[in-house]
Amino acid sequence: MKKHNFFAGPSILPDVVIEETIKALQDYAGTGISLASISHRSKEFDKTMLDAQNLMKELLNVPEGYSVIFLGGGASLQFAMVPFNLMNKKAVYANTGTWATAAIKEAKLFGEVVEIKAENFNSLPTKFDIPSDADYFHFTSNNTIYGTQFKRDFALNIPVIADMSSDILSRKIDVSKYAMIYGGAQKNLAPAGVTFVIIKNDILGKVDRKIPSMLKYQTHIDSGSMYNTPPVIPIFSAYQTMLWIKANGGVEGMEKRAAERANLLYNEIDRNPLFVGTVAKEDRSFMNICFVMAEGHKELEEEFASFTSKKGMVGLKGHRSVGGFRASTYNALPIESVKALVEAMQEFEKMKK
Ligand SMILES: *Cc1c(COP(=O)(O)O)cnc(C)c1O
């Protein structure tokens, strides 16, 4: 049976990315050996690394003066590396969910954190009083667990840093407004194991503390992201995903598809009396769509879960901290999968009449 993959991460990748990765694992770039067993210093991998960095710059229109590096350790390591490298005394963090909270926990090890918060995580803060003496402002562009999303850039007079783990390359952004953008690749880009970092070179070198080489952005910039052995397989796959994005209308194409998918599903959530969305409408994510059974129908949750799983839908269970349902509708998810979910919701409604 055809599967509809709504997992939040690791998550769906284009079929062609899986196919090209399998091929490269068998015979990489015509070398007759596997991507898994070739030196990362080979000229073939050197090219893959450069191609991946350049294509990320091309797709996101990254201006001069920025570096793209691919690191290990996940977005979670960035929660510590960001303040380690960039915080002198004080930073401002938008606390909009589980991942933002985790980032704040690490930042507090290095200095004072000013938190900007809404009443709860089902909506985004609207007031941003940002002290001008802060070293930077950090926010999570898409809150994977709660399903809220800032669909805009911040223009501030302090450096802006964003965790874009779950919406990178899904919508247009103005990179020049950011000092740094980072994320784990396993949501929208690649298999788990690589973290992308887009960083403005001139924000570095402004803190006094000693930083271990591996945790220092400058080390990885200076070595072309090859200071140590990089995660070669997910970097290769990330490059393939970016080629697929380019062939499918670039970031603009992804943005259009994301809006189509999300609108289709939100419209059904709003129309169908059995379901209700959990997020303030103006803050709804186009990547992670959260909903629950409506008041009076709570007892149907398990039944709907097994109804959809019988139809080949996987990964619809809400995060364990939120409950209900979450459909992750990342770049690679075909609109057919969203249509199938909408049809299942309608069929379920008829069954319950
Ligand atoms: C998944 C996720 C993380 C954590 O990523 P890891 O690579 O597992 O450390 C951080 N931030 C956001 C927004 C995420 O969605």
Side-chain angles (χ1 to χ4, degrees), residues 5-13 69-84 91 93-107 109 113 115-118 121-122 124-125 137-154 160-171 173 178 180-199 214-215 220 230-231 233-235 237-238 241 258 262 279 283-290 315 317-322 326-333:
N5 184 351
F6 293 100
F7 275 117
S11 37
I12 188 165
L13 291 169
I69 48 179
F70 296 110
L71 307 176
S76 299
L77 182 59
Q78 297 308 306
F79 295 164
M81 276 177 75
V82 164
F84 210 160
Y93 277 71
N95 190 350
T96 55
T98 310
W99 297 116
T101 304
I104 289 167
K105 178 175 174 230
E106 301 305 295
L109 300 171
V113 172
E115 283 184 49
I116 295 177
K117 255 179 120 164
F121 290 149
N122 292 326
L124 293 171
F137 168 65
H138 177 285
F139 75 105
T140 313
S141 59
N142 183 69
N143 295 284
T144 323
I145 294 176
Y146 288 89
T148 60
Q149 184 180 28
F150 288 103
K151 293 189 199 73
R152 61 162 173 135
D153 304 313
F154 285 84
V160 176
I161 298 175
D163 173 358
M164 293 199 186
S165 293
S166 48
D167 67 352
I168 192 71
L169 295 165
S170 74
R171 62 191 176 92
I173 50 170
Y178 296 83
M180 179 177 158
I181 295 167
Y182 69 89
Q186 69 275 18
K187 311 278 162 64
N188 239 332
L189 196 57
V194 68
T195 311
F196 59 89
V197 173
I198 304 165
I199 189 164
M214 267 302 282
L215 300 182
H220 298 286
I233 296 169
I235 290 170
S237 303
T241 301
V279 165
D283 297 326
R284 284 174 161 180
S285 167
F286 280 6
M287 293 282 105
N288 307 98
I289 297 174
C290 295
K317 204 171 158 46
H319 189 269
R320 59 190 184 279
S321 62
V322 178
R326 170 178 53 176
S328 295
T329 53
Y330 294 126
N331 285 341
L333 187 78

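Atoms within a ligand are numbered from 1 in the order they appear, just like the ligands themselves.
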Member of K187, Q149, Q186 meeting the side-chain contact (heavy atoms from CB on, under 4.5 Å) criterion with S166 | K187

Nearest to atom 9 (O) of ligand 1, what protein heavy atom do you find, and at what distance?
-> S76 OG, 2.6 Å

Around atom 1 (C) of ligand 1, find the nearest protein heavy atom and jot down its residue, atom name and distance.
-> K187 NZ, 1.6 Å

Between N331 and S170, a side-chain donor and acceptor under 3.5 Å | no

For Q186 and ligand 1, answer yes if some heavy atom of the residue is under 4.0 Å from a ligand atom, otherwise no.
-> yes

How are the rings of Y182 and F79 set relative to one another: parallel (under 30°), tilted (30 to 60°) or perpendicular (over 60°)?
-> perpendicular

Can a donor-acceptor pair be found between the side chains of T101 and N95 at a distance below 3.5 Å?
-> yes

Proximity of F79 to ligand 1 by residue part, where a heavy atom lies under 4.0 Å = side chain

Is N142 in contact with ligand 1, taking contact as a heavy-atom separation below 4.0 Å?
-> yes

Between A75 and ligand 1, which residue portion shows a heavy-atom distance shorter than 4.0 Å: side chain, backbone, both, or neither?
-> both

Over 60° means perpendicular and under 30° means parallel, so classify the ring planes of F139 and F137, tilted if in between.
-> parallel

Supply the atom-to-atom distance I168 CD1 to I173 CD1, rounded to the nearest 0.5 angstrom.
-> 5.0 Å

Say whether D163, considering both its backbone and side-chain N or O atoms, lies within less than 3.5 Å of an N or O atom on ligand 1.
-> yes

Would you please name every residue forming a side chain to side chain donor-acceptor pair (under 3.5 Å) with S11, sequence neighbours left out?
-> none

Go through ligand 1 atom by atom and flag the ones less than 4.0 Å from a non-hydrogen atom of T140.
-> 13 (C)

Element-labelled atoms of ligand 1 that are located less than 4.0 Å from some non-hydrogen atom of G74 = 7 (O), 9 (O)

